[in-house]
Amino acid sequence: MFYLTGSGHSELRIDMTDFENGTAFANYGLFAVGLESVNPDEDGYALTVDHFSGTAGDSLLKHSGMQFTTKDRDQDQSENNCAAYYQGAWWYRNCHTSNLNGQYLRGGHASYADGVEWSSWTGWQYSLRSSEMKVRPSKSPVPKSSAPNLDSELSPEVLPSAIFD
Ligand SMILES: [Ca+2]
């Protein structure tokens, strides 16, 4: 992915389906992994996204700037490992508004946020039937700016403290 998008002139479209024949998409006019990174492995494959449009709502902008966390490589901002806790691998912050590499739990589930989640569409307890991330070069370069100060709006993804009890 880095070699596809490291230049910063790519866009991302995520197509999703649920188990009730619903479909939705999220498009990001700017998408990059390891943007302008000389050593993406050392730098943690940081995500850059901006310029959202689509029917699924945005569940990825709050992940922009985060490195990629796996169960054996904790690069998130949680005191825990979000990948281990939510059974996925993602650009977790503390921890997520989306978890597309989560467990395939087939629709509604009692557990919290550990399925294939896109919270702005189906919440944190609904595991999607499918999701596809498609990348292509931008038709025209888009401004790289405008990533908001994400630290100031963490509330929806901050974990209830009880979840770690
Ligand atoms: Ca952590």
Side-chain angles (χ1 to χ4, degrees), residues 1-8 10 12-14 16 26 28 30-52 54 56-128 130-135 144-165:
M1 197 66 94
F2 164 70
Y3 296 102
L4 279 173
T5 68
S7 68
S10 297
L12 170 68
R13 180 181 166 110
I14 305 175
M16 293 166 272
Y28 295 88
L30 172 60
F31 169 70
V33 174
L35 181 63
E36 294 172 352
S37 176
V38 176
N39 185 336
D41 188 54
E42 193 169 274
D43 295 341
Y45 299 97
L47 172 71
T48 303
V49 286
D50 205 349
H51 305 295
F52 164 78
D58 161 57
S59 293
L60 198 57
L61 287 176
K62 286 180 179 172
H63 293 266
S64 192
M66 293 296 98
Q67 298 176 339
F68 198 82
T69 285
T70 59
K71 287 172 185 171
D72 59 2
R73 189 168 177 186
D74 182 347
Q75 307 191 99
D76 60 45
Q77 294 185 347
S78 168
E79 63 188 35
N80 298 283
N81 180 323
C82 294
Y85 210 90
Y86 292 109
Q87 298 294 307
W90 200 238
W91 296 278
Y92 294 110
R93 184 176 290 264
N94 183 25
C95 278
H96 73 76
T97 54
S98 54
N99 193 40
L100 294 184
N101 291 315
Q103 302 176 100
Y104 196 72
L105 299 178
R106 295 181 169 78
H109 55 88
S111 56
Y112 180 72
D114 56 355
V116 183
E117 324 283 357
W118 189 266
S119 64
S120 56
W121 187 34
T122 48
W124 278 274
Q125 291 182 292
Y126 189 96
S127 185
L128 299 173
S130 69
S131 70
E132 286 184 286
M133 297 178 68
K134 302 166 187 170
V135 181
K144 287 180 184 175
S145 66
S146 84
N149 181 356
L150 297 153
D151 292 329
S152 64
E153 32 179 310
L154 277 173
S155 50
E157 61 193 331
V158 169
L159 300 169
S161 57
I163 202 162
F164 294 125
D165 290 349

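All ligand and atom numbering here is 1-based and tracks the order in the structure.
For the residue pair Tyr92/Asn81, the side-chain donor-acceptor check at 3.5 Å is not satisfied. Side-chain polar atoms of Ser120 and Ser59 form a donor-acceptor pair below 3.5 angstrom.
Here Glu79 fails the criterion, with no N, O or S atom under 3.0 Å of the Ca ion (ligand 1). Among the backbone and side-chain atoms of Asn80, an N/O/S atom is found under 3.0 Å from the Ca ion (ligand 1). At least one N/O/S atom of Ser78, from backbone or side chain, sits under 3.0 Å from the Ca ion (ligand 1).
Residues Arg13 and Glu132 have side chains not in contact (no heavy-atom distance under 4.5 Å, counting atoms from C-beta outward).
Of all the N, O or S atoms in Asp76, the one closest to the Ca ion (ligand 1) is OD1.
Aromatic ring orientation, Tyr28 versus Phe52: tilted (interplanar angle from 30° to 60°).
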